[in-house]
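See below for the structure under consideration.
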Amino acid sequence: MNRTGRVLLVAALVTVVAMAFRVSWNALRDIANAIGADHTAATLYPFVVDGLMALALVATLVLAGRDRTFALRVLGTYTLASLVLNYVHGLVPALHGATVDWGRLADWDPANWALVLLATSLPVGSIYFGSDLVAKVLHHRPAPISTPVTNAEESTETMRNRSTADLTESTPQPVPAAPVRMPDPVAVDFLKSTLPLKPVPTALAPTPAPAIERRAVAAESPRPRRATGRVPQVARSSRPKRTPDQLLAEARTVTADWPDAKLTAEGIRLAVHTSPANARTLRETLRSERTGKAVA
């Protein structure tokens, strides 16, 4: 629907609502007079009921989800209440001339009490529900409208078709390559040939070989070579490499006063500063020596 159609539709809705409010205004005013409202309050009473209905209708169009359901319930409740009061106004002609007793809307007491309770509670409900609806509308954040995937695919397809149509000439078809016939294989005999050999000339004229020009050509390497050289003296270990006998002598000196429980490979390794393998060898040697001394 275009903009003009929408404006006309809204204008028609406002006109119908205004006329319906004017028809209902007399009934609600007389009901207000019957429940004890003064002239000013009775004049404003229709705006309280039907005005909240209009507010709930606007909130229904703006809100979404659970808030929209709440606005629809408020709209339905006040519509039903206005319908009941208009129906009572039509059943009781005495309300038209304001000759009915104050607080009497029906001859049956329970019905009269229910109608008075309904008519007097509508203004209070308008304050509560109206404030709640306005707060919900002011705090409402509409969800962003996402573009459908199908439209994106259609747009991409359209751009692809347009780009293809803009080409000045079509792409030539690939030309298949003609097959090349290879020569037939020739059988080679590895035995000695029985054909007579050609006589070798005794003297051949020497053919001068062309001079080879020597030029410096940079050597090419498939991969870069790593720079090699002697390890600097600073990077070398300051401790000289010890022989097994030196390690054993040093281990005997360090562990001379150690008990058997403390004689472990880890303790020898930390004390002598050697590898775990050498430490285990030294441990076994020292234990065997101590065992031999104990037996002797």
Side-chain angles (χ1 to χ4, degrees), residues 1 4-142:
M1 182 181 294
T4 305
R6 293 180 180 179
V7 172
L8 293 177
L9 180 61
V10 173
L13 176 62
V14 171
T15 303
V16 172
V17 171
M19 291 187 295
F21 172 77
R22 180 62 186 88
V23 173
S24 178
W25 186 76
N26 287 334
L28 296 179
R29 182 195 58 181
D30 294 340
I31 293 292
N33 286 323
I35 61 176
D38 58 5
H39 179 71
T40 304
T43 304
L44 297 177
Y45 188 82
F47 293 96
V48 173
V49 181
D50 294 342
L52 183 65
M53 292 169 55
L55 177 62
L57 178 60
V58 174
T60 302
L61 299 177
V62 175
L63 299 176
R66 298 177 59 183
D67 295 339
R68 183 179 183 182
T69 304
F70 174 76
L72 285 174
R73 290 177 179 176
V74 173
L75 176 62
T77 302
Y78 268 72
T79 301
L80 182 61
S82 179
L83 175 62
V84 171
L85 295 180
N86 278 272
Y87 178 70
V88 172
H89 184 266
L91 288 179
V92 183
L95 292 173
H96 303 172
T99 59
V100 70
D101 296 338
W102 178 74
R104 175 61 63 176
L105 296 178
D107 294 335
W108 188 41
D109 289 340
N112 180 66
W113 297 337
L115 292 174
V116 173
L117 177 62
L118 175 64
T120 54
S121 61
L122 289 179
V124 180
S126 298
I127 297 174
Y128 174 77
F129 293 119
S131 303
D132 194 9
L133 289 176
V134 171
K136 291 181 182 299
V137 171
L138 294 179
H139 290 84
H140 176 67
R141 294 292 182 270

Legend entry - Spatial distance of atom CG (Asn33) from atom OG1 (Thr43) [nearest 0.5 Å]: 7.5 Å
Legend entry - Reference residue Leu115; test side chain to side chain contact (heavy atoms under 4.5 Å, CB included); the match among Ile35, Val88, Thr120: Val88
Inset, instruction - Would you indicate whether the side-chain heavy atoms of Leu9 and Arg6 approach each other to under 4.5 Å? - result: no
Legend entry - Residues in side-chain contact (heavy atoms from CB on, under 4.5 Å) contact with Val134, at least two apart in sequence or another chain: Leu55, Leu138
Legend entry - Approximate separation, where rounding is to 0.5 Å, of Leu133 CG and Tyr128 OH: 10.0 Å
Legend entry - Contacts of Val137 that satisfy side-chain contact (heavy atoms from CB on, under 4.5 Å) - sequence neighbours left out: Ala59, Val62, Leu63
Legend entry - Gap between atom CG of Leu52 and atom CD1 of Ile127 - 0.5 Å precision: 10.5 Å
Legend entry - Nearest atoms (heavy-atom pairs only) where His89 meets Asn26: NE2-O, 4.1 Å
Inset, instruction - Starting at CG of Asp50, measure out to OG1 of Thr79 and round the result to the nearest 0.5 Å. - result: 8.5 Å
Legend entry - Parallel, tilted or perpendicular, as decided by the 30° and 60° cut-offs, for the rings of Phe129 and Tyr78: perpendicular
Inset, instruction - Could you tell me whether the side chain of Tyr45 and the main chain of Ile31 form a donor-acceptor pair under 3.5 Å? - result: no
Inset, instruction - Kindly compute the distance separating CG (Leu28) from CG (Leu85), expressed to the nearest 0.5 Å. - result: 6.0 Å
Show which side-chain atoms of residues 64-74 pair as donor or acceptor with protein atoms under 3.5 Å away, not counting sequence neighbours.
| residue | atom | partner | partner atom | Å |
| --- | --- | --- | --- | --- |
| Asp67 | OD1 | Lys136 | NZ | 3.4 |
| Arg68 | NE | Thr60 | O | 3.4 |
| Thr69 | OG1 | Gly65 | O | 3.2 |

Inset, instruction - Check Pro46 against Arg29 and note the closest heavy-atom contact, atom names and distance. - result: CG-N, 4.0 Å
Inset, instruction - First locate atom CG of Leu122, then atom CG of Leu117, and finally report the distance between them rounded to the nearest 0.5 Å. - result: 9.5 Å
